[in-house]
Enquirer: 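Below is a structure I'd like to ask you about.
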Amino acid sequence: MGNKWNFEIMTDSAANLSREVIEQQELSVLSLTYTVDGVEYKGYEKGKEISAAPVYDMMRNQKEIQTSLVNGQEAEIVAEELLKEGRDILYIGLSSAVSGTYQVVRFTFEELQEKYPDRQLAAIDSLSASLGEGLLVLRAAQMREEGYSIRQTEQWIQANRNHVCHEFTVEDLFYLKRGGRIGAAAAVLGTALKVKPLLHMDDEGRLVPSGRTRGRKKSLDMLAEQMKDNIIHPKDQTVYIIHGDCLADAEYLAGQICQRVKVKGIHIQILEPVLGSHSGPGTVALIYIGEHR
């Protein structure tokens, strides 16, 4: 870890950032984990590109997947290595409404702050997930590059995090039902009628229903339509499409966006395995900066 920055940036694997970006920005990444058939896998391993596709195949084969948040001991080890080098740390974590990871790191930072009183430690709840969280991490890296202090960067993220919009739909309601997002009766009815739920992340970072439509393509069309009415400065921003191993649907959504609004770019990426195990194969999410969530 070089000392060319005035502070270090830490995040977790739920931010869905690629190995290339992590290495380029010299980020410290804590890993959430998932367990299948008694074998534990990491969502991130330093120097490795993790493939999420096998996880979706496991789900299609009815494998049960258990997930775990970031390990507090691991967080302490990674953070203390940086503190011993005299570095300050800004952590941006997965929404506290969907995981306990942020609380684990915040508690770790509070303990370390007493041990290293001269260092600055900041833990931010992104109120976001996947590349919504990742978008905030990249903005922090940009601000760091431009010479902003750790406190200025922290304040900007806290002031702007609720402009990061997450709108998504799923192919199979089973995973949302298992996670308690919808009731069993609604899942059975929805599957029978081919009703596709639309969900979004609210201002508290919770996954909540925002509507529903009949049929897969209509649900994707609706995502594009909602974004058209809400996006800020589209020509200046790259929008992100995250998919649960359904690239063709993600590409269809990209086409629908291009028909409705001119954006700087569209980045398509598979949803990382820990979050993907909770939404299932066929998830399609659209992430961008908007007027409101």
Side-chain angles (χ1 to χ4, degrees), residues 14 16 52-53 55-56 59-60 65 94-95 97-98 127-135 164-203 205-231 239-261 263 266-290 292-293:
N16 223 143
V55 178
Y56 293 101
M59 284 187 275
R60 292 185 182 104
I65 300 175
L94 174 60
S95 172
V98 298
L127 302 176
S128 298
S130 184
L131 280 176
E133 178 187 351
L135 187 158
V164 180
C165 302
H166 310 62
E167 293 163 1
F168 68 103
T169 188
V170 296
E171 179 62 40
D172 190 335
L173 293 159
F174 165 77
Y175 300 96
L176 291 174
K177 178 180 77 68
R178 188 175 66 180
R181 299 299 173 197
I182 57 175
V188 171
L189 182 63
T191 303
L193 299 178
K194 301 202 181 301
V195 169
K196 300 300 178 187
L198 297 168
L199 301 100
H200 75 114
M201 202 158 240
D202 68 9
D203 285 346
R206 299 172 299 189
L207 301 178
V208 295
S210 59
R212 59 183 181 176
T213 187
R214 186 73 62 85
R216 177 65 163 180
K217 286 226 168 19
K218 285 186 179 178
S219 69
L220 299 173
D221 294 344
M222 188 69 73
L223 293 181
E225 197 67 26
Q226 288 174 340
M227 191 196 80
K228 182 192 76 170
D229 296 334
N230 191 34
I231 191 169
V239 301
Y240 299 94
I241 300 174
I242 313 301
H243 65 93
D245 200 28
C246 53
L247 180 58
D249 287 338
E251 290 173 339
Y252 173 84
L253 175 56
Q256 292 304 305
I257 290 169
C258 292
Q259 288 179 25
R260 289 167 170 80
V261 61
V263 296
I266 298 175
H267 176 86
I268 298 174
Q269 189 169 325
I270 195 166
L271 179 60
E272 63 86 33
V274 174
L275 294 177
S277 70
H278 290 284
S279 58
T283 300
V284 179
L286 180 55
I287 297 171
Y288 62 95
I289 303 295
H292 57 81
R293 287 190 164 185

Enquirer: Quick one: closest heavy-atom pair of Ser95 and Gly205, and the distance?
Expert: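 Shortest heavy-atom separation between Ser95 and Gly205 comes out as OG-O, 2.8 Å.
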Enquirer: Which value, rounded to the nearest 0.5 Å, describes the distance between Tyr240 atom OH and Ile268 atom CD1?
Expert: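 Here the rounded value is 13.0 Å.
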Enquirer: With sequence neighbours left out, what residues match Thr169 under side-chain hydrogen bond (donor to acceptor under 3.5 Å, both in side chains)?
Expert: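 Not a single residue meets the side-chain hydrogen bond (donor to acceptor under 3.5 Å, both in side chains) criterion with Thr169.
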Enquirer: Between CD1 of Ile241 and CD of Gln269, what distance do you get to the nearest 0.5 Å?
Expert: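 The CD1 atom of Ile241 sits 12.0 Å away from the CD atom of Gln269.
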Enquirer: Does the side chain of Leu207 reach to within under 4.5 Å of the side chain of Met201, using non-hydrogen atoms?
Expert: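 They are in contact (side-chain heavy atoms under 4.5 Å apart), so the answer is yes.
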Enquirer: About how many Å separate CG of Leu286 and CD1 of Ile266, when rounded to the nearest 0.5 Å?
Expert: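 Ile266 CD1 to Leu286 CG: 8.5 Å, rounded to 0.5 Å.
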Enquirer: For Arg60 and Gly244, which heavy atoms make the closest approach, and how far apart are they?
Expert: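 Heavy atoms of Arg60 and Gly244 come nearest at NH2-O, 4.2 Å.
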Enquirer: Do any side-chain atoms of residues 215-222 form donor-acceptor pairs under 3.5 angstrom with protein atoms, and if so which ones, sequence neighbours left out?
Expert:
unit_1 : atom_1 : unit_2 : atom_2 : d
Arg216 : NE     : Glu171 : OE1    : 3.2
Arg216 : NE     : Asp249 : OD2    : 3.1
Arg216 : NH1    : Gly282 : O      : 2.9
Arg216 : NH2    : Asp249 : OD2    : 2.9
Arg216 : NH2    : Gly282 : O      : 2.6
Ser219 : OG     : Arg216 : O      : 2.6
Asp221 : OD1    : Tyr252 : OH     : 2.7

Enquirer: I need the minimum non-hydrogen distance between Ile270 and Ala53, along with the two atoms involved.
Expert: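 In this case the closest contact between Ile270 and Ala53 is CD1-N, 4.0 Å.
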Enquirer: I need the Leu127 CG to Asp203 CG distance, nearest 0.5 Å.
Expert: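 With rounding to 0.5 Å, CG (Leu127) is 8.0 Å from CG (Asp203).
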Enquirer: At their closest point, which heavy atom of Ser279 faces which heavy atom of Leu271, and how far apart are they?
Expert: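 So the two residues come closest at OG-CD2, 3.5 Å.
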Enquirer: Please report the C-alpha distance between Ser210 and Glu167 in whole Å, then the side-chain angles of each, then the deciding distance to 0.1 Å, and finally whether the side-chain contact (heavy atoms from CB on, under 4.5 Å) criterion is met.
Expert: CA-CA 9 Å; Ser210 59; Glu167 293 163 1; 6.0 Å; no
Enquirer: Do Arg293 side-chain atoms and Val164 backbone N/O form a donor-acceptor pair below 3.5 Å?
Expert: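 Checked: pair present.
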Enquirer: About how many Å separate CG of Asp202 and NE2 of His166, when rounded to the nearest 0.5 Å?
Expert: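 Reported value, rounded in 0.5 Å steps: 11.0 Å.
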Enquirer: Does the side-chain contact (heavy atoms from CB on, under 4.5 Å) test come out yes or no for Val195 and Arg214, once each step is laid out?
Expert: CA-CA 5 Å; Val195 169; Arg214 186 73 62 85; 4.0 Å; yes
Enquirer: Could you report the tightest heavy-atom contact between Ala14 and Leu275, atom names first, then the distance?
Expert: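 Heavy atoms only, the tightest pair is O-CD1, 3.6 Å.
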Enquirer: State, yes or no, whether a side-chain contact exists between Leu131 and His267 at a heavy-atom distance under 4.5 Å.
Expert: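 Side-chain contact under 4.5 Å: yes.
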Enquirer: Just verifying a value: how many Å separate Ile242 CD1 and Ile287 CD1, rounded to the nearest 0.5 Å?
Expert: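 Answer for the CD1-CD1 pair, Ile242 versus Ile287, is 4.5 Å.
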Enquirer: Taking side chain as C-beta onward, heavy atoms only, is His200 less than 4.5 Å from Val208?
Expert: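 Yes; the side chains approach each other to less than 4.5 Å.
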Enquirer: Counting N and O atoms only, with roles assigned by atom type, does the side chain of Asp245 sit under 3.5 Å from a partner on the main chain of Pro281, one being a donor and the other an acceptor?
Expert: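 No, the answer is negative, given that no donor and acceptor are paired below the 3.5 Å cut-off.
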Enquirer: What closest approach, in Å, do Phe168 and Leu223 show between heavy atoms, and which atom pair accounts for it?
Expert: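 Result for this residue pair: N-CD2, 3.8 Å.
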Enquirer: Taking side chain to side chain contact (heavy atoms under 4.5 Å, CB included) as the criterion, tell me which of Ile289, Val239, Asn16 meets it with Leu135.
Expert: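 When Ile289, Val239, Asn16 are each tested with Leu135, the side chain to side chain contact (heavy atoms under 4.5 Å, CB included) holds only for Ile289.
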